[in-house]
**Student:** 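Sharing a structure below in structure tokens format, with a few things to ask.
Everything numeric here is computed off the predicted structure, so don't read it as measured data. Note: hydrogens, waters and symmetry copies are ignored here, and every other heavy atom, side chains too, is used.
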Amino acid sequence: CQVMRRQVKSKEGVTMSIQINQSATLVNIISDNKLLLQRVVPYGINVFTEVLLQEPVFQVQTEEEAYTLLKRNRVILHNLNSENSENNPSLDKRIEVTDNASYLIGNIGRVIEYYNSKYKARPIQEIICMGKGCAVAGIHELLSNELGIQPRRAAPCSRAPCACSVGIRLSSIFRDLRKPPAKAGRP
């Protein structure tokens with residue numbers, strides 16, 4: 001992918017890109033301009049927005065309102081499984097939103113474990129966070145604390161409307177895959 005090549009600064013070493021979209025996350029592991037591993041994780045920022053939509057305290061009615069809240073306000077915490085020793089109701093809701101990302105982060109962690117089992121001598125040296133999810137306030141700290149590697153945000157791309165876009169929408173691809181095939185007419 002040409003966009004990924006622009007994002008990977010060093011020619012040596014292993015880079016993992018995490019493209020967090022609305023309902024899926026694309027994980028690529030690249031070294032020396034070669035794709036070593038690619039996986040699709042069936043979770044995206046919807047792990048956060050769904051909780052926000054269900055909780056009246058956040059006062060959002062649409063996914064777009066929930067996404068805007070996530071970008072503008074620090075809703076998610078630095079770690080999964082945080083504790084609320086002061087029994088703060090607001091913190092309880094933030095913990096619930098953050099902990100809902102455990103499947104997303106757990107799946108990314110399993111991709112890293114699988115990669116590490118196959119390429120023991122070539123550890124991942126950097127993570128690039130891309131996609132709509134990279135704009136969520138606190139996502140970089142959460143990923144860093146849970147995965148053990150500090151991610152960086154993708155550099156702006158002059159061709160893409162979003163600085164973190166790779167130009168594909170996984171949600172539309174999955175939606176198209178679920179449609180029944182069109183019936184062919186008779187000649």
**Student:** So do Glu141 and Arg74 actually touch side chain to side chain, heavy atoms under 4.5 Å?
**Tutor:** yes
**Student:** Do you reckon Tyr43 sits in the same ILVMFWY cluster as Leu52, going by side-chain contacts under 4.5 Å, direct or chained?
**Tutor:** yes
**Student:** Do Phe48 and Ile139 touch side chain to side chain, with heavy atoms closer than 4.5 Å?
**Tutor:** yes
**Student:** Checking the side chain of Asn100 only, and the main-chain atoms of Val47 only, is there a donor and an acceptor separated by less than 3.5 Å?
**Tutor:** yes
**Student:** Is the closest side-chain heavy-atom distance between Glu63 and Tyr67 below 4.5 Å?
**Tutor:**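 No, too far: nothing below the 4.5 Å cut-off.
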**Student:** Is it true that Val51 and Leu53 fall in one hydrophobic cluster, defined by side-chain heavy atoms closer than 4.5 Å?
**Tutor:**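 Yes, Val51 and Leu53 fall within the same hydrophobic cluster.
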**Student:** Do Phe58 and Val75 have side-chain heavy atoms sitting under 4.5 Å apart?
**Tutor:**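 They are in contact (side-chain heavy atoms under 4.5 Å apart), so the answer is yes.
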**Student:** Look at the side chain of Ser144 and the backbone N and O of His140, then say whether any donor-acceptor pair between them is shorter than 3.5 Å.
**Tutor:**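 No, because the side chain of Ser144 does not come within donor-acceptor range (under 3.5 Å) of the backbone of His140.
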**Student:** Could you tell me whether the side chain of Asn107 and the main chain of Tyr103 form a donor-acceptor pair under 3.5 Å?
**Tutor:**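 Side chain of Asn107 to backbone of Tyr103, a donor-acceptor pair under 3.5 Å: yes, one is there.
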**Student:** Please identify which of these residues, Leu104, Asn81, Ile105, meets the side-chain contact (heavy atoms from CB on, under 4.5 Å) condition with Glu146.
**Tutor:** Ile105
**Student:** Mind checking whether Leu143 and Ile127 have side chains closer than 4.5 Å, heavy atoms only?
**Tutor:** no
**Student:** Taking the side chain as every heavy atom from C-beta outward, state whether Leu91 and Leu77 have any pair of such atoms under 4.5 Å apart.
**Tutor:** yes
**Student:** Is the backbone N or O of Ser90 less than 3.5 Å from a side-chain atom of Asn88, with the two atoms forming a donor-acceptor pair by type?
**Tutor:**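 It does hold such a pair.
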**Student:** Within the 4.5 Å heavy-atom criterion, are Gln22 and Thr49 side-chain neighbours or not?
**Tutor:**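 Counting from C-beta outward, Gln22 and Thr49 do come under 4.5 Å.
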**Student:** Are any non-hydrogen side-chain atoms of Val57 and Gln59 less than 4.5 angstrom apart?
**Tutor:** no
